[in-house]
Amino acid sequence: MTVPHHALEITLTRSLTPAELHTAAGLLPLAANHDATRLMALVRAKTPGRAAHRLRHRLGAHLPVDVITTHYPDATGQILLNVAFPPAVHAALRNSAGQARQSPGRFLKQALERALARHDSAEADRLDRAVRELLAHTTSAHLLTALGRALSRHPGAPQP
């Protein structure tokens, strides 16, 4: 059986010095962004979770690693998020998860899902208010025409 490679993105807590980047690149081939606050790596492992664990184990003592994520979503559209919490945060998370009778991973996953749902809802409400405000001063046809022009001028704008 062939072991796949997983593309992982590393977000750092600060920019790396050239010497730190050189040392880390000696441990594992890495690609850095323009200010060396994010790195990309390909890691061989059976699963994305194992790849992230292996990467954190290899580089964690040498770099100020904040978060490791899979670069590409899985078949269900999910991105793996690997975060190493300080001991106090980890203890609080275990305590809260225990009170909810859940594993810390499940508890955190559900908390993140709720936070993202609240964010999506707030964004939808904000856009609804903005559209109502615009429609108070123009027609639907004019608004749609302006929206079409704006979208065609900015094809690189964020998409859902």
Give me each pair satisfying side chain to side chain donor-acceptor pair (under 3.5 Å) with a member in residues 96-105, each pair once, sequence neighbours excluded. Q102-Q110
Mark yes when over 12 heavy atoms from residues, nucleotides or ligands other than R50 sit less than 6.0 Å from its CZ; otherwise mark no. no
Are L147 and L151 packed together at the side-chain level, in the sense that at least one heavy-atom pair is separated by less than 4.5 angstrom? yes
Under 3.5 Å, is there a donor on one side chain and an acceptor on the other for H142 and T145? no
Compare every heavy atom of Y72 with every heavy atom of I79, then report the nearest pair and how far apart it is. CD1-C, 3.7 Å
Quick one: does any side-chain atom of T138 pair with a main-chain N or O of L135 as donor and acceptor, under 3.5 Å? no
Heavy atoms only: give me the nearest R58-L27 pair and the separation to one decimal. O-CD1, 3.9 Å
Would a 4.5 Å heavy-atom cut-off, applied to side chains only, mark V131 and L143 as touching? yes
Quick one: OG1 on T139 to CG on L134, what's the gap to the nearest 0.5 Å? 11.5 Å
Nearest 0.5 Å, what's the CZ-OG1 distance between R54 and T47? 9.0 Å
Are V83 and V89 connected in the hydrophobic side-chain network, where two residues link if heavy atoms are under 4.5 Å apart? yes
Check whether any side-chain N or O of R14 sits under 3.5 Å from a backbone N or O of P64 as a donor-acceptor pair, and report yes or no. no
Polar side-chain atom of N33 near backbone of R38 as donor-acceptor pair, under 3.5 Å: yes
Non-hydrogen side-chain atoms of M40 and H71 separated by less than 4.5 Å: yes
Identify which one of L42, L55, L39 satisfies the side-chain contact (heavy atoms from CB on, under 4.5 Å) criterion when paired with L8. L55
Work out which heavy atom in T70 is nearest to a heavy atom in L80; give both atom names and the distance. OG1-N, 2.8 Å
Quick one, T13 with D66, criterion side-chain contact (heavy atoms from CB on, under 4.5 Å). Give me CA distance, side-chain angles, the key distance, then yes/no. CA-CA 5 Å; T13 59; D66 190 17; 3.6 Å; yes
Is R44 reaching over with its side chain to a backbone N or O of P4, donor-acceptor style, under 3.5 angstrom? no
Worked verdict on T17 versus E20 for side-chain contact (heavy atoms from CB on, under 4.5 Å): CA-CA 5 Å; T17 65; E20 287 173 318; 3.2 Å; yes
hydrophobic_cluster_shared for L30 and V67, side chain cutoff 4.5 Å: no
May I ask you to say whether E113 pairs ionically with R118, meaning some side-chain N is under 4.0 Å from a carboxylate O? no
Rounded to the nearest 0.5 Å, how far does CG of L108 lie from CZ of R94? 13.0 Å
Quick one: pull up CG in D128 and CZ in R126 and give me the separation to the nearest 0.5 Å. 10.5 Å
Can L28 be reached from L63 by stepping across I, L, V, M, F, W or Y side chains whose heavy atoms are under 4.5 Å apart? yes
Flag side-chain contact, heavy atom, 4.5 Å: R56 against H53: no
For a 4.5 angstrom cut-off between non-hydrogen side-chain atoms, does T11 reach T37? no
Hey, any chance L81 and F107 share a hydrophobic cluster, counting ILVMFWY side chains that come within less than 4.5 Å of each other, even indirectly? yes
Derivation of the salt bridge (Lys or Arg N to Asp or Glu O under 4.0 Å) call for R129 and E133: CA-CA 6 Å; R129 285 190 305 275; E133 176 67 24; over 6 Å; no
